[in-house]
Amino acid sequence: MRRTRILTAVLALAAGLLAGTPPALAADSTAKVSLAADTYTWKNARIDGGGFVPGIVFNRSEKNLAYARTDIGGAYRWQESSKTWTPLLDSVGWDDWGHTGVVSLASDAVDPNKVYAAVGTYTNSWDPKNGAVMRSSNRGASWQKTDLPFKLGGNMPGRGMGERLAVDPNKNSVLYLGAPSGKGLWRSTDSGVTWSQVANFPNVGNYQQDPSDTSGYASDNQGIVWVTFDESTGTSGNATRAIYVGVADLQNSVYRSTDAGATWTRLAGQPTGYLAHKGVLDAAGGYLYLSYSDKGGPYDGGKGQVWRYATATGTWTNISPVAEADTYYGFSGLTVDRRKPGTVMATAYSSWWPDTQIFRSTDSGATWTRAWDYTSYPNRANRYTMDVSSSPWLTWGANPSPPEQTPKLGWMTESLEIDPFDSNRMMYGTGATLYGTENLTNWDSGGQFTIKPMVQGLEETAVNDLASPPSGAPLLSALGDVGGFRHTDLTKVPSMMFTSPNFTTTTSLDFAETNPNTVVRTGNLDSGPHIAFSTDNGANWFAGTDPSGVSGGGTVAAASDGSRFVWSPDGTGVQYTTGFGSSWSASSGIPAGAIVESDRVDAKTFYGFKSGKFYVSTDGGATFTASAATGLPSGDSVRFKALPGVKGDVWLAGGATDGAYGLWHSTDGGASWTKLSNVDQADAIGFGKAATGASYQTLYTSAKIGGVRGIFRSTDKGATWTRINDDAHQWGWTGAAITGDPRVYGRVYVSTNGRGVIYGDTSDTSGGGGTDPTDPTDPTPTGACAVTYKITNQWSGGFQADVQLSNTGSSAWTGWSLGWTFPNAQTVSQTWNAESAQSGSTVTAKNVGWNANVAAGSSVSFGFTGSWSGTNGKPTAFKLGDQACTVA
């Protein structure tokens, strides 16, 4: 429901990024650093949605071009051919994790290839970096960024208002951005490259959700919340004269300029006591429509109104669908039908019970009809039918009493848009998904329109924990807001999230290593138990009993055989039980709040960690003893796991930049530790199926190795590492959890903080075998070859290219080295699936370990990004060693 998303994100990120630590242990000096690369295919384990969609933006000049923004999970572009969404901000890296929060989007109507995103997650100290405006000239395929001198809040109160970012529809080099935190109104006159404050804008806003909040979250000034142009007051190539701006000020919420932003005035006669969440201008009808709420949203709001402002006469008309006295909610979602002037729709975004409401008028707000009405209370008649068969979990497994229904029409419905090219298509966002219809006008003819999830590809869950058992379902997940899922097929949406009980956020889960049908999970719930058990691999659940004082889920560990459990909940100390938690006993020797895990072989051995100390229990969790080991991270930004199949083999990742930070290994149950010298930083560790010929399971980590942040794999117990993601696939913060698949070599499951569960599969079909990537011998292939060189993306000053090298001879290659000369002095900046070197205009690309062997008739591909100026011509000749290749 997103009510817990704030805590989920902040606790994870604060722990993962900000904790302090002491000096590191002595390192293992024998380890080697290898930054070989592997080609991975990355996908989402399908959930479809799972979070708040506060903004939907249709391009006004090109059909079927639409974007959606999420509060912490990036931005997406609609793909009409597949009716799916394509993620656009997966390239956001670890250090810029806050830029996955999108506070506003703008699509350029003059040049539809251009799109802009205002990014930044928190305006308080939780996000250490300032916000930015990202700009793309290829619909979000690649981006350039301008950092701002202030923060933006994609996950702050008021994030459903907007859009704060807007492109002048007549002169598209001009953009405006409304800032929070009293930073005012900003303008760019060079297509978003540089920005300056509009110094004469008279009001920076003053509304705070809760001025007493010392964290700075609810006490931030929500600032300038939307910008709307009246395109009828400009001509092509000339700045639009009339601009309307919404301000978070209960008494002064709307301002206008009639001279292209030179001067600004408060609109006279406007309603007061409310915040204008949206301002939508219908130039054809000559009206500015405004949806008002007494609060900033997206959760709060007890009263609201809808108004219409006549732009020619300055006349204000209250067109509220219901009398103010009858509202217990505010209005936010607001849209007009560009094909049918006078058709306007609005949402009661904060009507949590019994459901949200959507209102529609076809006479400019003079009269309204509702998506549903009471017949005789508590019974209701709906103008719509809902088909959630593609996302069946949207019923929440509920069986409510009337007037509630399942699935709900929605909640937190702050985004609502009618397709400007199709009166029948409408989309709206909720706290859990993005819904839509393609027969909306049935509403007007007395028939029913059909609402379905239009969310495939848009994945925005925050992931707290992951598990991949050796049998049963390949993936179990612990998620914020929607609890978690059991995936029996990664390509299909599960039928239901974990229920009985249905945690608002699942904080931890574990399975019994030698009895994977036994699973335990813990989580948060407003009232009720905080622990649940399954005896059928997570398909069905039953609640356990809380010991006294429990206030949150914490972490939990299952004995290797499922005979007992150790639980470290919030609100009380560590507890242990035999059986399924009908009664609990306090563990001794370990502090409250410790992270707990189990040995994967010895059913009576459990481990814990708290504030630099590692703890061990050999009596089933009854008593713990602190290890004498020192030098581990002093903070609690640590995640550790015991290796399946080997008693006492434990790996620990974590730390912070001001102290001990990295990856440690113990083979004696935590009595002593060795720090890997070839890992700069590490935040999560996991295990998967061993490579062919390897005697040790494959390691996976979210880490910084060799100065590079990424997802890494090791098939030799950490001696060498392979980066398996690339700069296009970074997903912001990935430190909460990672695990390999014990059944599929190379498969890895990666947690994200807002992009759902990502899984990757390797192209290395040899099962991890192949050439040693550290072998310095130059490859000397012989025989005929062919090359295809393709520029796949190009932008001002930069480009991306893919190269396919084919073995057209009769003998296999055991290594390769391809050379070429750029015709226009281009330079390579980053290469994947090959190692490259450049001298002047001459480039040499060599194989990495896994793709050295190329059979006759087979091919290998690699790619790179580079820079160019003037001309970006393709190379005309390629050589494989001394052998000239055919150029396709």
Does Tyr287 have Arg308 sitting over its ring (NZ/CZ under 6.0 Å from centre, angle to axis within 45°)?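 Yes - Arg308 lies over the ring of Tyr287, closer than 6.0 Å to its centre and within 45° of its axis.
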Salt bridge check: are Lys790 and Asp802 linked by an N-O gap of less than 4.0 Å?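 Between Asp802 and Lys790 there is no salt bridge, as every charged N stays at least 4.0 Å from the carboxylate O atoms.
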Charged N to carboxylate O under 4.0 angstrom, Asp230 versus Arg241?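 Salt bridge between Asp230 and Arg241, a charged N being under 4.0 Å from a carboxylate O: no.
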Centre-to-centre under 6.0 Å for Trp126 and Tyr217, is that the case here?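 Between Tyr217 and Trp126, which both carry aromatic rings, the centre distance is below 6.0 Å.
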Is the distance between the ring centroids of Trp186 and Phe150 less than 6.0 Å?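 Ring centroids of Trp186 and Phe150 are less than 6.0 Å from each other.
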Just wondering, more than 12 heavy atoms not from Lys183 lying within 6.0 Å of its NZ?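 Atom NZ in Lys183 is not crowded, with 12 or fewer foreign heavy atoms closer than 6.0 Å.
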Run the ring-ring contact (aromatic ring centres under 6.0 Å, His included) check on Trp264 and Tyr255 step by step: do they pass? CA-CA 7 Å; Trp264 302 86; Tyr255 289 78; 8.4 Å; no
Considering residues at least two apart in sequence or located in another chain, which fulfil the salt bridge (Lys or Arg N to Asp or Glu O under 4.0 Å) criterion with Asp90?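 Applying salt bridge (Lys or Arg N to Asp or Glu O under 4.0 Å) to Asp90 gives Arg755.
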Among Asn64, Thr437, Asn439, the one residue meeting side chain to side chain contact (heavy atoms under 4.5 Å, CB included) with Arg425: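 When Asn64, Thr437, Asn439 are each tested with Arg425, the side chain to side chain contact (heavy atoms under 4.5 Å, CB included) holds only for Asn64.
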With Ser867 via side chain to side chain contact (heavy atoms under 4.5 Å, CB included) - residues at least two apart: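 Residues passing side chain to side chain contact (heavy atoms under 4.5 Å, CB included) with Ser867: Thr827.
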Determine yes or no for a side-chain-to-main-chain donor-acceptor pair under 3.5 angstrom, with Lys145 supplying the side chain and Ala132 the backbone.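 Not a single qualifying donor-acceptor pair exists.
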Taking the six-membered ring for Trp, are Phe331 and Tyr329 parallel (under 30°), tilted (30 to 60°) or perpendicular (over 60°)?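 Perpendicular: the ring planes of Phe331 and Tyr329 meet at over 60°.
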With under 30° as parallel and over 60° as perpendicular, where do the rings of Phe449 and Trp443 fit, or are they tilted in between?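 Taking Trp443 first and then Phe449, their aromatic rings lie parallel (interplane angle under 30°).
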Quick one: which residue pairs count as a ring-ring contact (aromatic ring centres under 6.0 Å, His included) with a foot in residues 159-182, not counting sequence neighbours?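 The answer is Tyr176-Phe229.
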Thr441: which of Asp337, Asn424, Thr362 passes side chain to side chain donor-acceptor pair (under 3.5 Å):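 The side chain to side chain donor-acceptor pair (under 3.5 Å) with Thr441 is passed solely by Asn424 among Asp337, Asn424, Thr362.
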